[in-house]
Amino acid sequence: MEQQFQVTGMSCAACSAHVEKAVNAVPGVQSAQVNLLAGSMKTTFDPGQTDAQHIIQAVIDAGYGASVKGQEAAVSKPVDDGAELHEMQRRIIISFTFLALLMIVSMGHMIGMPLPSFLEGPSNAVSFALTQFLLTLPIVLINRKYYVNGFKTLWHRAPTMDALIAVGSGAALVYGIFALYQIGYGLGHGEADRVQRYMHDLYFESAGMILTLVTLGKYFETRAKKRTGEAIAKLMDLRPQTATVERNGAEVTIPIEQVQVGDVVVVRPGQSVPVDGVIQSGHASLDESALTGESIPVEKQEGDTVIAATINKTGFFKFQASRVGDDTTLSQIIRLVEEASASKAPIAKLADKVAGVFVPVVLGIALLTAIVWLAVGETFTFALSSAITVLVISCPCALGLATPVAIMVGTGVGAENGVLFQSAEALERLHKVDAVVLDKTGTVTEGHPSVTDVQVLAGSETEFLQLALSLEKPSEHPLAEAVVRYAEEKHIRPLPTEKFQAISGKGIVAEIAGQTCMAGNLRMLREQGVDVSAAETWGKQYAAAGKTPLYVARAGQMVGIVAVADQVKSNSAQAVRLLQEMHIDVTLLTGDNKVTAEAIRQQLQIPRVVAEVLPQDKEREIRKLQESGKTVAMVGDGINDAPALARADVGIAIGAGTDVAIESADVVLMKSDLLDAVNAVRLSRNVMRNIKQNLFWAFCYNCIGIPIAAGVFAPALRLSPMFGAAAMSLSSVCVVSNALRLKLFRPVTGSPQRANLQMENRKEEKQMKKTMTIEGMMCTHCSGRVQQALNDLDGVSAVVSHETGKAELTLVHPVSDEALTQAVTDAGYKVVDICEG
C-alpha cells in the first residue's frame, strides 16, 4: 500500500534523511521517500504489519510532525508560502533592528561612535554587558525555533542544521552570560584585569548576528524555492471554477466539483473547457497552448475530444463529460509534475546520505577544534570562538538544496514546455541516453494517410479530383478518407453515383453520369480491361518512394493517379538531425513494409531502420541495443509500443498525454512533436549539469570553510562566528540561485530558421533574404523535394511553393548562388532566377 504524508519541522537534508531512516525502521515499511522542499513523504508499506498511525508516530518520535495527506491534495494548489515569507520578514525586521543597536553598543566605540556615559569605561562594565544581553534577548526569542528544533533533534540523537545553529549561537550566548558574571565578580573584588579582559570578550553580538543572518539566508532561500512551484500554480489557475451544464432541460451553472460523467456541458466563446469530454454538437476553435504549447488554435467538431482548461476562442458547442475531477488530463498532468518534483534521483539520494552523517561529523570536528586549541595553549575564548565558527559555517543547507531545487525547477520548466517527467529518476537517466529508437507511425509521421501527389492523365485536375471524390466518398477505406479530405479542402463537390460496389482488396466500381468508373490498384484495372501502360511508370515511382498509388479510370480509359502516404511531420527531420548532433544514435522501428520504411529513412537521413516488426519484436530490438552497451530511449505513441517503452531505459510517449501514454512511459510529450524529445534530452543534461555544479560548490565550500573556521590558517586567516554565519547563508542562496538559472532554458522549436543547439548562447547573426524562381515543380511532392534539398545546405532555411514556382530563402551566413542552383538542379528542377530580398 502507498500512502502520502505531510511532514513538518524539517529544515535541512539531515532532517529528511533522519525521517526516512526512522520510518524505514518501522516493521512492514518497504520504502519511505521524503521531499524536503514540499514537506511531504511517500511511503510504501504492508497494511498487514503496520498502518498510517504507526508511521506518523515514528516521525513524531524522531522529533518532527506528521499527518496523512488528503486524497485531494495530489491535485490541490500548492501550499502558499506567502504567510511564511511574511512571518520571516517580520522576524528579519525585528532582528536587524535590535542587532543594529547591539552592534552600536558592542562595537560603536571602535569607529568613534559615542556611547551614553552609563556604558563607558570599566566602572560601567556591568551596564555595558547587561545592555548587550538585553538587546540580544529579543533576537533569541523571535528566532527560538532554531533552539526548539535543534535541541529536539539533539535529544533524539539526530542532529540537524538547526542543531548546529542552536549549539553555535547558544554557546556564544552562554559564554556572554558567563563573561557578565566574571565582570561582576571582578568589580566586586577589585580585579580590574578580569573586568578589562571579559568586557571585550562578550559574544552577544555573535549570537545575535548568527541568528539574524541565518534567518535572512533562509528568507532568500524560501523566496527562491517559492518560484520553483510556479509551473504547477499556473496549471492550477487554468481550471475554471464553474461549469454550465444541462439539467432537466435547462442550463445551470454549478461548481466544477459537481460536474458528473455523462453531463452535457455548454461552452461559449471565451470560456474555458471545465472537464474532459467529447463534442456532441457544434464546433469551435480551441486554444490548447497552455497544455501543449501549440500557439495555433485547433479546430474541433462533433466527435472530437476536448480537454479541460483549453479556451474556446470562437464557436459554440456542447460536449458530454467523460472525465471529471482528478481524472481529467490537466489533473493528471499536475499530479505528474508534483510526483516528479517530489521524487528523488539517485544522485539526490547520495547527497541525502552524505548530509545525514555530515552534522554529527561537524559536531565532532567542532569539539576537536576546541580541544586542540586548548591543548596548544590558546585561551578558552579563542578555542570557543573557533568551535562556534566551525558549527555555523558548516551547516549543510547548500548540500541539501543542491539536488531537489534543481529537480523541481527542471520538472517545472519541462511542464511549461509540454514535457512531463514521471519521476526525477527518469530526468536523471535521460541525460545518459546515447541511442534513440523511433516508432514511425504517429511519431515521425502524422499517423494518418494523406494525398501527396496528383498525376492527371486525361482532362483537368478539377475534373479528375471530382471523379475521384465521387468514387471514394461512399467508401470507408482509410485511403478513401485521404482522397475525400484532399478534394473537399479544394472545395470540390462530388457527382451522384449509382451501382456502387467495393471489391475487397482491390478497389471501387460505380456508375457516374452513365459511365462505368473505377478506382483501385493495377490488378483490378487490368481485370476490368483498362489499358494501364500510361500509368505504370508513375505508379512505380510512387511505390519506390513509399507511397500507395490509387489508379482512377473512366469508360475503360486511365484518367489519373493519386498517391497517398503517411507523411513525415514537419519537424521530424530537424529533430533527427539535432539528436545526431548530440551524438545520439537514431534507429527507426516500424511494422510497415521495407519499401516504405526505407523511403522514410532516406527522407529523414536516419542511419538504421528495422521494418516489418510486431510490437513484441520492438522490445527485442531495444534489448539488443542495451546488450551492446547502449543506454536507450524509446519514442512511441504509448499504445502499441507499451512493451518497448517499458523495456527502454527511458520510455518517451508522444501522444498528447493519453492515459496509456502516462502509464507506460517515463516521459510524456504533450505536443506530439518529436522536437520535444530533443528538448527533453537537452533539459535533462542541463539539470544534471546544474546539480553537479551545485554539489561541487557545496562540497568545496565546506572543504575550504571548515579548515579556515577551525583556525588551521590562523592568525593569517581566521573567521569570526558572525562572518561564518554570513558565508553559510550566502552559500545556500547561491545554490538556489544557480538552480533557478534553469528557468532560462529555451526549447528548440520548428521555426523556419534552422534550429541548432547553440542558439541560446549565440549572438544574433545578420540574415540575408533571397528569392529563387524554379521551373518544373508540379505538385507538393516536387516542392517538398526542392525544399529538402535547399534546407540540407548549411545556413539555409527555405520555404518552397509549387503554385508560385518560387523558393523564399533565409541565409544565416553567405551561401553562393552556384551552390543554391546546384542543389535544385540535383533535385531534378531548373533555376530560372535568383534575386535578393
Side-chain angles (χ1 to χ4, degrees), residues 11-17 36-37 160-161 164-165 168 210 213-214 216-228 341 344-359 361-362 365-366 389-413 424 427-428 431 683-710 712-713 717-719 721-745 760-761:
S11 59
C12 68
C15 295
S16 59
L36 172 64
L37 299 183
T160 63
M161 185 195 77
L164 297 182
I165 296 171
I210 289 170
L213 288 179
V214 167
L216 180 63
K218 281 190 168 293
Y219 169 75
F220 286 124
E221 180 184 305
T222 302
R223 192 174 69 171
K225 287 189 292 184
K226 182 175 182 287
R227 294 176 58 192
T228 64
S341 300
K344 290 184 180 178
I347 195 171
K349 295 175 183 177
L350 173 63
D352 282 352
K353 289 179 181 178
V354 172
V357 300
F358 187 78
V359 176
V361 170
V362 167
I365 293 174
T389 306
V390 168
L391 290 174
V392 173
I393 202 170
S394 58
C395 290
C397 287
L399 186 63
L401 292 171
T403 303
V405 176
I407 288 174
M408 183 171 280
V409 175
T411 53
V413 169
L427 179 63
E428 177 177 344
H431 90 283
L683 180 58
S684 173
R685 292 182 176 182
N686 283 5
V687 169
M688 293 310 300
R689 182 165 58 246
N690 192 282
I691 289 173
K692 290 174 182 177
Q693 290 170 351
N694 286 346
L695 289 174
F696 174 78
W697 289 113
F699 277 114
C700 279
Y701 161 80
N702 283 294
C703 290
I704 296 172
I706 290 176
I708 294 175
V712 173
F713 304 104
L717 183 61
R718 185 170 177 270
L719 293 177
M722 68 179 71
F723 284 110
M728 183 273 292
S729 300
L730 183 63
S731 70
S732 297
V733 173
C734 288
V735 164
V736 174
S737 300
N738 185 48
L740 289 174
R741 287 194 309 110
L742 289 168
K743 283 185 170 285
L744 301 177
F745 176 84
E760 294 166 323
N761 305 316

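Sequence positions, counted from 1, serve as the residue numbers for this chain. Because only heavy atoms are used, hydrogens play no part in the values below, and waters and symmetry mates are left out as well, while side chains stay in.
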**OP:** Check Ile704 against Ile708 and note the closest heavy-atom contact, atom names and distance.
**Re:** O-CG1, 3.3 Å

Original post:
Between the side chains of Asn690 and Asn686, does any donor sit under 3.5 Å from an acceptor?
Top reply: no

**OP:** Supply the atom-to-atom distance Trp697 CH2 to Gln693 CD, rounded to the nearest 0.5 angstrom.
**Re:** 9.5 Å

Original post:
Among all residues two or more places apart in sequence or in another chain, which pass the side chain to side chain contact (heavy atoms under 4.5 Å, CB included) test with Arg685?
Top reply: His431, Met582, Ile584, Val681

Subject >> For Asn738, the option from Asn694, Ile691, Val409 that meets side-chain contact (heavy atoms from CB on, under 4.5 Å) >> reply: Asn694

